[in-house]
Amino acid sequence: MNKKSIVGIVLIFAIFVGYMWWVAPSKEEIAERQRVNDSIRQAYMDSVAYADSVAAVKSHLDSLAAQGDTSAQRQLQRHQRGDMGVFNGSAFGDTLNVTVKNEKMSVTLSNMGAQVREVVLSEYTTYDSLPLQLISPADDNMNLIFSTEDTRVINTKDLVFVPYREYGNKLLEIKGDSVFEIASNEAVDLRFRAFVGDSNGLSQDKYVEFHYVVVGDEYDVNFEINFHGLKNIVRATDYMDFEWHNKMNRQEKVDASSRGSKNRNKDPEKFYSSIYYKAAKDDVDDVGRGRDDDKNVKTAVEWVAFKQQFFCAILVADSTFENAYLSQTTDKSNKDANYLCDMSSTIGLTYNSERDCSMGMHFYFGPTKYRDLHAMHRGFEKMLPLGWWIFSKFVSRYLIIPVFNFLETFNWNYGIIIIVFTILLRLVLFPLTFKSYQGSAIMRILKPEMDALNKKYPNPEQAMQKQQEMSKLQKKAGYSPLAGCLPVLIQMPILTAMFMFYPVAIELRQKPFLWCNDLSTYDSILDLGFNIPLYGDHVSLFCLLMFGMQFFYTWYTMKGQNMNAGMPGMKFVMYFMPFMMLFMFNSMAAGLNLYYFCSLTITMLQMVLIRRFTSEKKVRARMAAYDAKHKNTPQKKSSFQKRLEEMQRMTEEMQKQQQKRR
């Protein structure tokens with residue numbers, strides 16, 4: 001190694017040593033680093049100690065609570081919620097419930113989160129005669145989320161509010177569990193406040209307030225969230241998230257094999273349960289009716305509703321909500337027979353940080369009766385699935401429901417109301433169906449001539465000639481196929497409306513008739529004890545009656561008609577329909593099956609009478625008069641007949657060409 005190389009190595013080593021000396025930390029920096037490491041180690045030890053302390057309190061909580069000692073409960077709350085900053089003073093306390101009962105419902109409010117803990121409707125029961133619990137008890141039914149200036153996120157469900165009752169312009173603190181029963185002309189004004197403060201004391205002029213007013217003889221609960229004296233405490237924001245959740249309980253009877261089905265014929269309560277909402281500049285919409293789904297509504301929203309088949313809980317803004325995220329889910333692990341689904345919403349509430357802020361809204365907890373919902377003028381009635389607007393919605397809203405409500409005023413049994421309503425409906429539709437039934441009677445008279453034409457033109461290539469002869473024969477007798485089909489099409493919206501109306505008509509709920517205890521669900525005269533696929537585990541007598549009448553009606557109408565070679569499968573299809581209806585309607589509402597049975601019975605009677613009074617002599621005389629009138633006059637064909645004949649001719653030519661290719 002030469003002298004230059006040695007000098008280079010020495011210089012590099014000197015530079016490296018100098019750099020290490022230059023960047024080496026000072027004694028103060030070494031001490032600071034040691035302090036940081038010690039603090040991290042201490043934080044870890046504190047977290048371990050915190051977890052151990054929570055586990056220790058939990059293990060003793062039951063035994064201490066049984067002895068009436070609430071100190072363990074308060075200590076557990078402290079550990080679970082951690083440091084809540086300026087709201088530390090409201091982070092723990094004893095749980096108490098305030099229940100308000102009016103003539104229609106019982107509302108239980110909890111000071112834990114100041115939330116609506118439970119709602120029970122007094123005038124209704126479940127299918128098995130239990131109290132109808134519309135809002136199920138839970139610790140997270142309601143929660144307002146906001147941030148404070150010290151960057152802490154506050155969940156009101158973790159705060160213990162102090163409950164007050166406003167009475168005679170005074171606030172009276174409620175010290176323990178309380179029940180208030182009010183008459184129709186009374187009201188209860190309740191205020192729940194979570195104060196700013198710590199263990200040294202609470203600031204009485206700085207608080208979050210949940211304000212409820214329950215009025216007698218109403219399903220409404222006025223609700224308001226107030227921020228008082230929190231301008232420099234709550235972080236400025238345009239809106240706050242308000243979470244509203246409920247575990248929906250099953251209220252109606254369902255076939256055990258059909259529970260949870262998305263088919264409206266099998267589990268109607270599941271099918272008709274959904275979250276509905278009304279956007280400020282749009283119509284009422286829903287979130288996946290009968291199935292798990294979610295939706296993020298980024299525009300202003302007027303109200304959000306958790307709806308079941310016959311009942312709903314609605315949160316309505318005084319003006320509008322900023323936005324809403326809506327979610328409907330089903331917990332597959334929940335095997336409770338009375339569990340239906342979970343409905344959740346996260347709603348944006350407008351917040352003004354420049355002054356004390358109030359967020360006004362109200363709840364509706366009650367039945368989904370069309371007349372009552374419509375009277376509120378908020379579009380709630382549009383939650384009822386009455387079908388498509390141009391078809392059944394218009395007929396349901398302006399014909400069926402008003403007439404049904406009118407018949408209710410006579411205080412008849414609802415089975416009698418359905419029968420009377422069906423009779424009135426068939427009488428109204430009789431002018432439309434008369435031509436169709438008369439045409440059926442005429443075709444029965446013409447059956448010998450039709451059979452003769454089938455024998456005269458047996459080959460497929462003669463189909464056009466045969467059709468022309470049949471049309472001419474029908475015209476002579478005064479029968480028009482179009483005149484028979486058009487009335488059926490006209491009355492389709494009414495028939496569709498009836499199919500949609502009965503399953504959601506709360507008027508029929510738990511109303512008995514004959515052997516049926518509840519016209520809003522299926523009537524079971526025999527529980528099979530096993531499930532028949534597509535049919536169920538029971539036998540519905542109203543469905544059997546409907547099936548029997550439809551089968552007899554089909555046989556009666558088919559026996560006098562000519563099933564030509566062009567429709568070889570029509571006879572099978574017509575006789576198959578009653579069996580299909582038997583399987584489809586076995587789990588449907590008894591009121592709907594009663595309507596169809598009565599409707600088919602009346603239709604059968606009308607058809608028998610029309611056939612009886614349709615004289616064959618008069619038909620033959622009309623045919624003779626037609627022949628005499630057009631004996632020397634060439635028959636004019638309408639443009640429709642010309643187009644039909646041209647289409648038939650082209651079809652025959654195509655068939656001939658196909659036969660030649662073969």
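- Between Asn102 and Val215, every side-chain heavy-atom pair lies at or beyond the 4.5 Å cut-off.
- Side chain of Ser358 to backbone of Asn226: no donor-acceptor contact under 3.5 angstrom is found.
- Side chains of Thr521 and Asp518: a donor-acceptor N/O pair is absent below 3.5 angstrom, by distance only.
- When atom types are taken as modelled, the side chain of Asp241 and the backbone of Thr346 share no donor-acceptor pair closer than 3.5 angstrom.
- Salt-bridge annotation for Arg509 and Glu252: present, with a side-chain N of the basic residue lying under 4.0 Å from a carboxylate O of the acidic one.
- In the model, Gln133 has a side-chain atom that pairs as donor or acceptor with a side-chain atom of Glu118 under 3.5 Å.
- Inter-residue side-chain proximity for Tyr219 and Glu123 is flagged as met; some heavy-atom pair is nearer than 4.5 Å.
- For the residue pair Pro578 and Gln550, the shortest heavy atom distance occurs at CA-OE1, 3.5 Å.
- When atom types are taken as modelled, the side chain of Gln308 and the backbone of Asn249 share a donor-acceptor pair closer than 3.5 angstrom.
- You'll find the ring centres of Phe583 and Tyr535 inside the 6.0 Å limit.
- The side-chain heavy atoms of Phe210 and Leu144, taken from C-beta on, include a pair separated by under 4.5 Å.
- Remark: aromatic rings of Phe597 and Phe542 are distant, center separation not under 6.0 Å.
- Pairing each heavy atom of Arg191 with each of Asp189, the nearest pair is NE-OD1, 3.7 Å.
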In residues 370-379, what donor-acceptor pairs under 3.5 Å come from side-chain atoms, sequence neighbours left out?
from, atom 1, to, atom 2, distance (Å)
His374, ND1, Glu381, OE2, 3.4
His377, NE2, Ala375, O, 3.3

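- Not one N or O on the side chain of Lys101 forms a donor-acceptor pair closer than 3.5 Å with the backbone of Met105.
- Salt-bridge check for Asp285 with Lys295: passed, with a basic side-chain N closer than 4.0 Å to an acidic carboxylate O.
- With Thr330 contributing its side chain and Lys332 its backbone, the two residues share no donor-acceptor pair below 3.5 Å.
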If you apply the rule side-chain contact (heavy atoms from CB on, under 4.5 Å), what do you find for Phe311 with Phe365, and how did you get there?
CA-CA 8 Å; Phe311 303 96; Phe365 303 112; over 6 Å; no
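- The backbone N or O of Phe310 lies less than 3.5 Å from a partner atom in the side chain of Thr368, making a donor-acceptor pair.
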Step-by-step side-chain contact (heavy atoms from CB on, under 4.5 Å) determination, Gln328 to Asp293
CA-CA 5 Å; Gln328 180 172 332; Asp293 202 353; 5.7 Å; no
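- In this pair, Phe380 and Tyr364 present their aromatic rings parallel. The plane angle is below 30°, not in the 30 to 60° band.
- Atom CG of Leu425 and atom CD1 of Ile602 lie 8.5 Å apart (nearest 0.5 Å).
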Go through the steps for Asn97 and Asp177 under the test side-chain hydrogen bond (donor to acceptor under 3.5 Å, both in side chains), then give the verdict.
CA-CA 5 Å; Asn97 296 318; Asp177 291 345; 4.9 Å; no
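- In terms of modelled atom types and a separation under 3.5 Å, the side chain of Asn246 and the main chain of Leu134 share a donor-acceptor contact.
- Put simply, the side chain of Gln115 gets close to the backbone of Met142: a donor and an acceptor are under 3.5 Å apart.
- By the neighbour-count criterion of 12 heavy atoms within 6.0 Å, atom CG of Asn296 is densely surrounded, having more than that number from other residues, nucleotides or ligands.
- Taking the centre of each ring, Trp303 and Phe363 stay at or above the 6.0 Å mark.
- With 3.5 Å as the limit, one finds a donor-acceptor pair spanning the side chains of Glu322 and Thr350.
- Ser274 approaches Val287 most closely through the heavy-atom pair OG-O, 3.0 Å.
- Counting only distance, with no hydrogens or angles, the side chain of Ser345 and the backbone of Ile347 share no donor-acceptor pair below 3.5 Å.
- Rounded to the nearest 0.5 angstrom, Met361 CE and Glu224 CD are separated by 8.5 Å.
- Going from atom CZ of Phe146 over to atom CZ of Arg235 covers 12.5 Å, rounded to the nearest 0.5 Å.
- For the residue pair Asp537 / Asn531, no side-chain donor-acceptor distance below 3.5 Å is found, with atom types taken as modelled.
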ring-ring contact (aromatic ring centres under 6.0 Å, His included) evaluation trace for Tyr239 with Tyr351:
CA-CA 5 Å; Tyr239 67 89; Tyr351 178 71; over 10 Å; no
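- Using modelled atom types, no side-chain atom of Asn517 and backbone atom of Pro512 make a donor-acceptor pair closer than 3.5 Å.
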Kindly determine whether Ser540 and Asn593 satisfy side-chain contact (heavy atoms from CB on, under 4.5 Å), including the steps that lead there.
CA-CA 9 Å; Ser540 168; Asn593 283 324; 4.1 Å; yes
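- Under the 4.0 Å criterion applied to side-chain N and carboxylate O atoms, Lys104 and Asp217 are assigned as salt-bridge partners.
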Evaluate side-chain contact (heavy atoms from CB on, under 4.5 Å) for Leu159 paired with Ile154, printing each intermediate quantity in order.
CA-CA 8 Å; Leu159 298 178; Ile154 305 299; 3.9 Å; yes
Working for side-chain hydrogen bond (donor to acceptor under 3.5 Å, both in side chains), residues Asp282 and Tyr277
CA-CA 10 Å; Asp282 209 342; Tyr277 67 95; over 6 Å; no
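- The only option from Tyr502, Phe499, Phe501 that meets the ring pair (Phe, Tyr, Trp, His ring centres under 6.0 Å) definition with Tyr595 turns out to be Tyr502.
- The ring of Phe585 has its center no closer than 6.0 angstrom to the ring center of Phe547.
- For the 3.5 Å distance criterion, the side chains of Thr108 and Thr99 qualify, holding a donor opposite an acceptor.
- Contact detail for Ile419 and Cys598: the closest heavy-atom pair is CG1-SG, 3.7 Å.
- When only modelled atom types and interatomic distance are considered, Asp267 and Tyr272 share no side-chain donor-acceptor pair under 3.5 Å.
- In summary, the aromatic rings of Tyr522 and His538 are positioned with their centroids under 6.0 Å apart.
- Of all non-hydrogen atoms in Arg250 and Leu340, the two that sit nearest each other are NH2-CD1, 3.4 Å.
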Please tabulate, for the side chains in residues 403-410, all donor-acceptor contacts under 3.5 angstrom to protein atoms that are two or more places apart in sequence or on a different chain.
from, atom 1, to, atom 2, distance (Å)
Asn405, ND2, Ile401, O, 3.3
Glu408, OE2, Tyr414, OH, 2.4
Thr409, OG1, Phe406, O, 2.4

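- With respect to Asp283 and Lys278, no salt bridge is recorded, no charged nitrogen being found less than 4.0 Å from a carboxylate O.
- Of all the heavy atoms in Phe180 and Val98, the pair that sits closest is CE1-CG1, 3.6 Å.
- The aromatic rings of Phe306 and Trp244 lie parallel to each other, with less than 30° between the two planes, well short of the 60° mark.
- For Tyr207 and His228, the gap between ring centers is short of 6.0 Å.
- For CE of Met577, the number of neighbouring non-hydrogen atoms (other residues, nucleotides, ligands) closer than 6.0 Å is 12 at most.
- Within 6.0 Å of atom CD1 in Ile532, more than 12 heavy atoms from other residues, nucleotides or ligands are found, so the atom counts as buried in its surroundings.
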